[in-house]
Chemist: 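Before we start, here is the structure in question, set down as structure tokens.
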Amino acid sequence: MFVTLRKMVVTEGNADKVVQQFSSPGVIEEQEGFVDLTVMKQKAKRGEEEVVIMMRWESEEYWKQWEKSDAHLASHKANQGKPKPEYLIRVEGGRYEVEAVKKAAD
């Protein structure tokens, strides 16, 4: 399994906008090899907020196929030339091969 993580740091009160954007139905759910997408919001009392998006794929090859797909490229072209949202402070990302998984005992 292959995992991509994206951490988005936003100004206070704006995490829900990012959560909504990545929680809405989209074409990624229809992509071959896509397993799931998890959106997590940090529990912060005040100040900057973090949202982490975790996408799981059956393999890195399926993820690369998605990255090069017309549907993915079209979504980025639609935002080309637009300024980043004013509430977005920074974005960090990473790609990981899953080495081990532990599950609850039955």
Chemist: Determine whether Val19 and Val10 fall in the same hydrophobic cluster, where Ile, Leu, Val, Met, Phe, Trp and Tyr are linked whenever their side-chain heavy atoms lie under 4.5 Å apart.
Modeler: yes
Chemist: Is Val9 isolated, or which residues cluster with it under the ILVMFWY side-chain rule of less than 4.5 Å, directly or via members?
Modeler: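 Members alongside Val9: Ile89.
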Chemist: Are Met8 and Ile28 linked, directly or through intermediate hydrophobic residues, by side-chain heavy-atom contacts shorter than 4.5 Å (ILVMFWY only)?
Modeler: yes
Chemist: Taking it one step at a time, do Lys68 and Leu73 satisfy side chain to side chain contact (heavy atoms under 4.5 Å, CB included)?
Modeler: CA-CA 7 Å; Lys68 296 176 183 175; Leu73 295 174; 5.5 Å; no
Chemist: Should Val91 and Trp63 be counted in the same cluster of Ile, Leu, Val, Met, Phe, Trp and Tyr side chains packed under 4.5 Å apart?
Modeler: yes
Chemist: Under a single-linkage definition using a 4.5 Å side-chain heavy-atom cutoff for Ile, Leu, Val, Met, Phe, Trp and Tyr, are Trp66 and Val98 assigned to the same hydrophobic cluster?
Modeler: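 No; Val98 is not reachable from Trp66 via cluster members.
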Chemist: Working to the nearest 0.5 Å, report the span between CZ of Arg90 and NZ of Lys84.
Modeler: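 Between Arg90 CZ and Lys84 NZ, I get 10.0 Å after rounding to 0.5 Å.
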Chemist: Mind checking what makes side chain to side chain donor-acceptor pair (under 3.5 Å) contact with Glu30, not counting sequence neighbours?
Modeler: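 Listed in chain order: nothing, the list is empty.
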Chemist: Could you work out, with side chain to side chain donor-acceptor pair (under 3.5 Å) as the rule, every residue matching Glu61, not counting sequence neighbours?
Modeler: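 Side chain to side chain donor-acceptor pair (under 3.5 Å) check on Glu61 returns Ser59.
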Chemist: Same cluster or not: Val39 versus Val27, using hydrophobic residues (I, L, V, M, F, W, Y) connected whenever any side-chain heavy atoms lie under 4.5 Å apart?
Modeler: yes
Chemist: Restricting to side chain to side chain contact (heavy atoms under 4.5 Å, CB included), what partner residues turn up for Gln65, sequence neighbours left out?
Modeler: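 In terms of side chain to side chain contact (heavy atoms under 4.5 Å, CB included), with neighbours along the sequence ignored, Gln65 is linked to Glu32, Tyr62.
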Chemist: Would you please name every residue forming a salt bridge (Lys or Arg N to Asp or Glu O under 4.0 Å) with Asp70, sequence neighbours left out?
Modeler: none
Chemist: If you measure from CG on Leu37 to CZ on Arg6, what distance do you get to the nearest 0.5 Å?
Modeler: 9.5 Å
Chemist: Give every residue pair that meets the ring-ring contact (aromatic ring centres under 6.0 Å, His included) criterion with at least one member in residues 4-37, sequence neighbours excluded.
Modeler: Phe34-Trp57
Chemist: Quick one: list whatever passes side chain to side chain contact (heavy atoms under 4.5 Å, CB included) with Glu97, sequence neighbours left out.
Modeler: Phe2, Glu60, Glu99
Chemist: Not counting sequence neighbours, list each pair that qualifies as a ring-ring contact (aromatic ring centres under 6.0 Å, His included) and has a residue in residues 80-106.
Modeler: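 ring-ring contact (aromatic ring centres under 6.0 Å, His included) check on residues 80-106 returns no pairs.
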Chemist: What side-chain donor-acceptor pairs closer than 3.5 Å can you find for residues 41-49, not counting sequence neighbours?
Modeler:
from  : atom 1 : to    : atom 2 : distance (Å)
Lys41 : NZ     : Asp16 : OD1    : 2.7
Glu49 : OE1    : Gly13 : N      : 3.2
Glu49 : OE1    : Asn14 : N      : 3.2
Glu49 : OE1    : Ala15 : N      : 2.8
Glu49 : OE2    : Gly13 : N      : 3.0

Chemist: Keeping the roles fixed (side chain from Glu29, backbone from Gly26), state whether a donor-acceptor pair exists under 3.5 Å.
Modeler: yes
Chemist: Residues in side chain to side chain contact (heavy atoms under 4.5 Å, CB included) with Met54, at least two apart?
Modeler: Val3, Leu5, Thr38, Met40, Arg56
